[in-house]
Number of protein chains: 2
Amino acid sequence: MARKTNPEFMTGVPELLVLRLLSDREMYGYELVQAIETSTGEAIKVGEGVVYPILHALEAQGCLASRRKAVEGRMRIYYSATAAGKKRLGALMTEWQRITDAVATVVRGSKHAKA
Amino acid sequence: MARKTNPEFMTGVPELLVLRLLSDREMYGYELVQAIETSTGEAIKVGEGVVYPILHALEAQGCLASRRKAVEGRMRIYYSATAAGKKRLGALMTEWQRITDAVATVVRGSKHAKA
DNA sequence: TTGCCATGCCTATAACTTCAAGGTATATGC
DNA sequence: GCATATACCTTGAAGTTATAGGCATGGCAA
């Protein structure tokens, strides 16, 4: 079961984090990669190959808005969460809570867990 | 993003639950499918097509032991967690904690999260 | 008897996501 | 000139879940 790709418990997490971070302030791709790493205390690290496809997909769905900005001769594309994006974030957090709560119940030894 | 396969936040969860449940008492595949559903309060449901491959893989790795038993004319294969299985369960729970803690930190608005 | 459903095992295909590695380009430091 | 950091992007591989089915037995009802 040694996963190299799709590691344990990571499905959907990058998208959740991106949406959450972009709800606070606008950021560009390269910045997000590092923000995810620092904000999680090095616990979670994702590559650019993970972030960029998510940004493009979310923007195509109208969950993100982007604007180009030249900084020090380099081109940056800043993304921020739209209303639809925040709505989607809420749905993702609800789902995240649902799963984590369920797992916690079982892990804590839910004796009969019937009634 | 409407996922039909590999839904949000489910990667690795079925394996964790199977290992956890089989650490308490031996169960057979069909029983596990229902046990996961009831023990999570209907929050998590997995089909047989998810459980059986996991059982076979874990057994092949020595994480599970099995014994055949005939009950009411039907053949059942009971699985239980071995020492290696419990060790793997421990590793999975540690990883689970690591990810969920990290996500919780970001979601709760991680101030600047620099130092 | 016949038919249907629940039990109980199993497999194959499709779909989705993450990961690693590479490609392009500019600014800076040696 | 050359290497590194920034900054964007794409491609291919790997792994997991979901859906749908196949096979077989027992119990129940018509």
Side-chain angles (χ1 to χ4, degrees), chain A residues 1-19 26-37 40 44-61 64 66-79 92 95-96 99 103, chain B residues 1-19 26-37 40 44-61 64 66-79 92 95-96 99 103:
Chain A
M1 241 108 198
R3 291 176 198 62
K4 292 162 192 166
T5 61
N6 275 39
E8 231 77 66
F9 317 127
M10 278 296 286
T11 315
V13 169
E15 182 183 343
L16 173 65
L17 296 180
V18 165
L19 237 21
E26 65 175 9
M27 300 174 79
Y28 53 97
Y30 199 77
E31 187 183 7
L32 267 168
V33 171
Q34 302 168 45
I36 289 177
E37 185 174 333
T40 60
I44 297 179
K45 301 181 185 181
V46 298
E48 304 163 40
V50 172
V51 169
Y52 285 113
I54 290 177
L55 290 176
H56 300 156
L58 286 177
E59 185 181 21
Q61 295 168 48
L64 295 180
S66 69
R67 68 191 184 92
R68 310 175 69 77
K69 195 177 178 184
V71 180
E72 295 175 10
R74 288 191 188 79
M75 181 57 67
R76 291 178 180 169
I77 304 177
Y78 283 86
Y79 293 88
L92 283 180
E95 180 68 3
W96 171 259
I99 302 295
V103 171
Chain B
M1 239 97 183
R3 287 175 200 65
K4 294 162 190 166
T5 62
N6 278 36
E8 231 78 67
F9 316 128
M10 278 296 287
T11 316
V13 170
E15 181 182 344
L16 174 64
L17 295 180
V18 164
L19 236 22
E26 65 175 9
M27 298 174 81
Y28 52 98
Y30 198 77
E31 185 183 9
L32 268 169
V33 172
Q34 302 168 46
I36 290 177
E37 186 174 331
T40 60
I44 298 179
K45 301 182 185 184
V46 297
E48 304 161 39
V50 172
V51 169
Y52 284 114
I54 290 177
L55 290 176
H56 300 157
L58 287 176
E59 184 180 22
Q61 295 168 48
L64 295 181
S66 69
R67 70 188 182 91
R68 311 176 66 79
K69 194 177 176 182
V71 179
E72 295 177 10
R74 289 192 187 78
M75 180 60 65
R76 291 178 180 169
I77 306 180
Y78 282 88
Y79 293 88
L92 283 181
E95 181 68 2
W96 171 258
I99 303 295
V103 171

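None of the values given here were measured: they were computed from a predicted structure. The analysis underlying the following values was restricted to heavy atoms, covering all of them including side chains, and did not include hydrogens, waters or symmetry mates. Within every chain, numbering begins at 1; the chains are lettered A, B, ... in the order of the sequence lines, protein sequences first and strands thereafter.
- Atom CG of A:Leu64 and atom CD1 of A:Ile54 lie 10.0 Å apart (nearest 0.5 Å).
- Between A:Arg68 and B:Gly49, the residue whose closest nucleotide on DNA chain D is further toward the 5' end is A:Arg68.
- For B:Glu48 and C:dA12, the CD to P distance is 16 Å, given to the nearest whole Å.
- For A:Glu95 and D:dT17, the CD to P distance is 15 Å, given to the nearest whole Å.
- The side-chain hydrogen bond (donor to acceptor under 3.5 Å, both in side chains) test applied to B:Glu95 returns B:Arg98, not counting sequence neighbours.
- Remark: A:Leu16 CG to B:Phe9 CZ distance equals 5.0 Å, nearest 0.5 Å.
- Within the 4.0 Å cut-off from OP1 or OP2 of C:dG8, at least one side-chain nitrogen or oxygen of B:Tyr28 is found.
- Among the heavy atoms of the strands lying under 4.0 Å from A:Arg74 is at least one base atom, whether or not backbone atoms are also near.
- The phosphate of D:dC8 has OP1 or OP2 within less than 4.0 Å of a side-chain N or O from A:Tyr52.
- When distances are taken from the side chain of B:Val50 to each of D:dA18, C:dC19, D:dT6, the shortest belongs to D:dA18.
- The nearest heavy atom of DNA chain D to B:Gly47 and to A:Ile77 marks one nucleotide each, and the one closer to the 5' end goes with A:Ile77.
- Atom CD in A:Glu72 sits roughly 16 Å away from atom C1' in D:dC8 (whole-Å rounding).
- Between A:Met75 atom CE and C:dA27 atom C1' the separation is 14 Å, expressed in whole Å.
- Here the nucleotide nearest the side chain of B:Tyr30, chosen from C:dG8, C:dT18, D:dT6, is C:dG8.
- Distance check: B:Glu8 CD to B:Met10 CE gives 11.5 Å after rounding to the nearest 0.5 Å.
- At a cut-off of 3.5 angstrom, counting only N and O atoms as typed in the model, there is a donor on one side and an acceptor on the other between the side-chain of B:Asn6 and the base of D:dT16.
- Note that the CG atom of A:Leu17 and the OG1 atom of A:Thr40 stand 7.5 Å from one another [nearest 0.5 Å].
- Looking at every heavy atom in both residues, A:Pro53 comes nearest to A:Glu48 through CD-O, 3.9 Å.
- The interatomic distance linking A:Leu92 (CG) with C:dT17 (C1') rounds to 14 Å, in whole Å.
- From one end of the helix from C:dT1-D:dA30 to C:dC30-D:dG1 to the other, with five pairs defining each end axis, the axis direction shifts by 0° (rounded to 10°).
- In terms of polar N and O atoms assigned as donor or acceptor, the side chain of B:Thr5 comes within less than 3.5 Å of the base of C:dA15 in a complementary pairing.
- Regarding A:Ile54, its CD1 atom lies at a distance of 15 Å from the P atom of D:dC8, rounded to whole Å.
- Taking atom CE of B:Met27 as the reference point, atom P of C:dT7 lies 14 Å away to the nearest angstrom.
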Show every donor-acceptor pair shorter than 3.5 Å between a side-chain atom in residues 26-34 of chain A and any protein atom, with sequence neighbours excluded, or say none if there are none.
from	atom 1	to	atom 2	distance (Å)
A:Glu26	OE1	A:Arg67	NE	3.1
A:Glu26	OE2	A:Arg67	NE	3.4
A:Glu26	OE2	A:Arg67	NH2	2.6
A:Tyr28	OH	A:Arg76	NH2	3.3
A:Glu31	OE1	A:Tyr28	N	3.3
A:Glu31	OE2	A:Arg25	NH1	3.1
A:Gln34	NE2	A:Tyr30	O	3.3

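- The OH-P distance, from A:Tyr79 to D:dC9, rounds to 5 Å in whole Å.
- Contact annotation: A:His56 does not reach the phosphate of D:dC8 (side-chain N/O to OP1 or OP2, under 4.0 Å).
- Shown are A:Ile36, A:Val46, A:Val13; of these, the side chain to side chain contact (heavy atoms under 4.5 Å, CB included) with A:Val18 is made only by A:Ile36.
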